[in-house]
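Single-structure report; data block below.
Just so we're clear, the structure is a prediction, and the values are computed from it rather than from any experiment. Because only heavy atoms are used, hydrogens play no part in the values below, and waters and symmetry mates are left out as well, while side chains stay in. In the text below, chain A, chain B and the rest are named by the order of the sequence lines, each starting its count at 1.
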Amino acid sequence: DTEVTQTPKHLVMGMTNKKSLKCEQHMGHRAMYWYKQKAKKPPELMFVYSYEKLSINESVPSRFSPECPNSSLLNLHLHALQPEDSALYLCASRFEVSTDTQYFGPGTRLTVL
Amino acid sequence: GENVEQHPSTLSVQEGDSAVIKCTYSDSASNYFPWYKQELGKGPQLIIDIRSNVGEKKDQRIAVTLNKTAKHFSLHITETQPEDSAVYFCAAETGANNLFFGTGTRLTVIP
């Protein structure tokens with residue numbers, strides 16, 4: 001099973017709302033990632049978790065707050081977002097940060113009104 | 001940081017023909033080069049990858065070649081089929097284990 005699941009598939013929120021994105025994998029991977037992808041652009045790295053600890057934050061605004069409650073689950077908490085934050089948010093995982101294949105989930109399509 | 005350039009941005013081929021997508025990278029320390037296929041509304045799917053100690057790798061109709069000296073790598077798809085139509089991204093991974101993606105190629109296979 002090489003599946004990374006993400007919920008919800010679509011999310012529409014206002015600028016004052018608080019919402020969360022969820023990512024799950026059961027492959028025993030210890031490295032998990034959040035990427036942001038704007039239309040017709042490549043994915044951009046936001047956060048990296050290694051063994052449930054945040055190891056990389058690519059200067060992401062504090063209105064995005066990641067959380068890794070356990071080795072299978074990764075959340076992205078959203079608060080006071082801007083319309084320009086509308087994008088596809090992708091989760092990925094790999095066995096460890098130093099191993100090869102990153103497996104991507106299907107993404108959450110976020111629209112901020 | 002790493003900079004990955006990808007060409008062409010769009011590519012149309014007739015079914016059965018070959019397609020070639022090329023990427024260059026800037027960081028000589030990059031050592032892992034995956035290719036991802038992304039269909040509309042889906043996440044990127046790994047189709048093939050290569051490490052810097054290998055010059056070529058093939059998996060059925062898909063092959064990747066790497067020239068470390070010139071810092072470029074290419075994706076070759078033979079006998080293209082309509083279901084190969086998608087956006088393809090190359091990527092390079094540095095020693096910091098971060099993936100840097102190319103700008104993508106929209107491949108259209110015309111039946």
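In terms of heavy atoms, B/Lys42 sits closest to A/Leu88 at O-CD2, 4.4 Å. Closest non-hydrogen pair, B/Phe89 versus A/Pro42, comes out as CE2-CA, 3.5 Å.
Of all the listed residues (B/Ser9, B/Gly102, B/Pro34), the one sharing the greatest number of non-hydrogen pairs under 4.5 Å with chain A is B/Gly102.
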After noting the C-alpha distance and the side-chain angles of B/Phe101 and A/Glu44, does the key distance pass the side-chain contact (heavy atoms from CB on, under 4.5 Å) rule?
-> CA-CA 8 Å; B/Phe101 286 85; A/Glu44 295 178 6; over 6 Å; no

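Other residues, nucleotides and ligands contribute more than 12 heavy atoms inside 6.0 Å of the CG atom of A/Leu113. Residue-environment remark: CD (B/Glu79) stays at or below the threshold of 12 foreign heavy atoms within 6.0 Å. Taking a 6.0 Å sphere around CZ of A/Arg30, one finds it holds more than 12 heavy atoms contributed by other residues, nucleotides or ligands. Atom NZ of B/Lys58 is surrounded by 12 or fewer heavy atoms from other residues, nucleotides or ligands within 6.0 Å. Counting heavy atoms of neighbouring residues, nucleotides and ligands inside a 6.0 Å radius, atom CD of B/Gln60 does not exceed 12 of them.
Cluster annotation: A/Leu73 is not connected to A/Tyr51 through the hydrophobic network of ILVMFWY side chains, with a link wherever side-chain heavy atoms come within less than 4.5 Å. Connection of B/Ile50 to B/Tyr36 is not established within any shared hydrophobic cluster, with ILVMFWY side chains joined at heavy-atom distances below 4.5 Å, either directly or through further cluster members.
With rounding to the nearest 0.5 Å, the separation of CD in B/Glu93 from CD in A/Gln102 is 6.5 Å.
Of the atoms belonging to B/Phe100, not a single heavy atom falls under 4.5 Å from chain A. Neither the backbone nor the side chain of B/Gln6 comes within less than 4.5 Å of any heavy atom in chain A. Of the atoms belonging to B/Gln45, not a single heavy atom falls under 4.5 Å from chain A.
The shortest side-chain heavy-atom distance between A/Leu45 and B/Leu99 does not fall under the 4.5 Å cut-off. At a threshold of 4.5 Å between non-hydrogen side-chain atoms, the residues B/Asn98 and A/Glu58 count as touching.
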